[in-house]
Every structure is written in structure tokens, then in C-alpha cells.
Undergrad: 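My questions will all concern the structure given below.
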Amino acid sequence: MNCWRHRDRVAVGVCTACGKGLCSEACGHDDGAIGLHCDEACAAHLRRRGARGDAPVGVVWSMLLVALGLALLYYGWHQTEWSLSVPNLLGMLFLWYGVVLLLQRFAQRRAPSP
Ligand SMILES: [Zn+2]
Ligand SMILES: [Zn+2]
């Protein structure tokens, strides 16, 4: 197979998304996370496909942590007023961890491709 862009060059790789032949670093891009691809359209396709696999679980999990944290804070607030009681501390911990997970998730999605 020859490169899809340079018909006279032998392809050394194949785009993971569309299967086109790619001749070298000039035509094939590989940023590690999503595999070899020919252009930005295929890179976006691969990123979407990769994100579908683990993103929903991560988001649901961090949402659950935030909800649990809020519930514990609400419970702690009504039981003991504002003090460093166990429900308050646990609530803050869950809330903090959930928010950190969510922020990490958004940071990953917004990360520019190299
Ligand atoms: Zn492609
Ligand atoms: Zn080429």
C-alpha cells in the first residue's frame, strides 16, 4: 500500500480511524493516547470513541461523590450546626474529591492535541 497523500511513497502505517496508508511522521500522527491517525478529523473521531469508553462512568462516579458530600453536609448541618463533626468532615471530603474528579475529567477533554 502507498501513502494516501503521496502516491509514490510506500506507507509505513495505517490510520486507525479510516484505514488510509500513511508514509511517515509527515502524514501519520501518533500522540500515544489515541493511536496513529491521518488528520484532525480522524483524531477527533478517535478521541470521541476513546472518551465514550470511560467518561460516563467517571462523571457518574464523581457526581455521586458530590451528591453524597452534599447530603452528608446537609445532614451534619441539621444535626450538629456548623462544627467539625464526622458527617461534616466526611461531607467535605466527598465533595472535594468529587469536584477534583470532575475538574480532572474536564481538563482531560479540553487538553489540546500535541
Ligand atoms: Zn484517517
Ligand atoms: Zn505521505
Side-chain angles (χ1 to χ4, degrees):
M1 193 193 327
N2 282 0
C3 174
W4 70 283
R5 223 183 293 175
H6 310 97
R7 302 276 168 202
D8 54 332
R9 289 198 217 166
V10 177
V12 293
V14 169
C15 174
T16 319
C18 65
K20 279 189 261 194
L22 303 166
C23 65
S24 67
E25 295 85 35
C27 288
H29 311 280
D30 190 354
D31 68 3
I34 54 174
L36 200 66
H37 53 278
C38 60
D39 57 15
E40 254 323 295
C42 282
H45 173 80
L46 288 171
R47 254 180 236 121
R48 268 200 308 279
R49 203 176 59 180
R52 253 208 303 271
D54 66 335
V57 179
V59 168
V60 166
W61 176 234
S62 34
M63 292 286 199
L64 213 70
L65 280 172
V66 169
L68 200 67
L70 285 175
L72 276 168
L73 277 177
Y74 181 81
Y75 171 80
W77 179 268
H78 279 262
Q79 290 298 305
T80 64
E81 295 297 322
W82 188 249
S83 66
L84 290 179
S85 62
V86 173
N88 279 343
L89 285 174
L90 273 178
M92 278 188 276
L93 199 73
F94 279 128
L95 197 64
W96 175 76
Y97 191 54
V99 168
V100 165
L101 280 182
L102 273 178
L103 287 178
Q104 273 178 351
R105 190 57 65 181
F106 283 123
Q108 271 175 14
R109 198 166 295 169
R110 232 181 284 146
S113 55

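As the structure lists them, so they are numbered: ligands from 1, and atoms in each ligand from 1. Bear in mind the structure is a predicted one, so any value in this text is a computation, not a measurement.
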Undergrad: What distance separates Phe94 CZ from Leu73 CG, expressed to the nearest 0.5 Å?
TA: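 Going from CZ on Phe94 over to CG on Leu73, the span is 11.0 Å.
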
Undergrad: Mark yes or no for whether Asn88, through its side chain, and Gly91, through its backbone, hold a donor-acceptor pair below 3.5 Å.
TA: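 It does not hold such a pair.
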
Undergrad: Could you count the protein N, O or S atoms found under 2.8 Å away from the Zn ion (ligand 1)?
TA: 4

Undergrad: Rounded to 10°, how big is the angle at the Zn ion (ligand 2) from Cys3 SG to His6 ND1?
TA: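 My answer is 110°, to the nearest 10°.
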
Undergrad: Could you measure the distance from the CG atom of Asp30 to the SG atom of Cys15? Nearest 0.5 Å is fine.
TA: 10.5 Å

Undergrad: How many angstroms lie between OH in Tyr97 and CG in Leu93, if you round to the nearest 0.5 Å?
TA: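 The CG atom of Leu93 is 9.5 Å from OH of Tyr97, to the nearest 0.5 Å.
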
Undergrad: To 10 degrees, how wide is the angle SG (Cys27) to the Zn ion (ligand 2) to SG (Cys23)?
TA: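 The angle at the Zn ion (ligand 2) comes to 110°, rounded to the nearest 10°.
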
Undergrad: Would you indicate whether the side-chain heavy atoms of Val14 and Leu36 approach each other to under 4.5 Å?
TA: no

Undergrad: Answer yes or no: is there a side-chain heavy-atom contact under 4.5 Å between Asn2 and Asp8?
TA: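 Side chain of Asn2 against side chain of Asp8, heavy atoms only: no contact under 4.5 Å found.
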
Undergrad: What distance do Lys20 atom NZ and Cys38 atom SG have between them, rounded to the nearest 0.5 Å?
TA: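 Between Lys20 NZ and Cys38 SG, I get 4.5 Å after rounding to 0.5 Å.
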
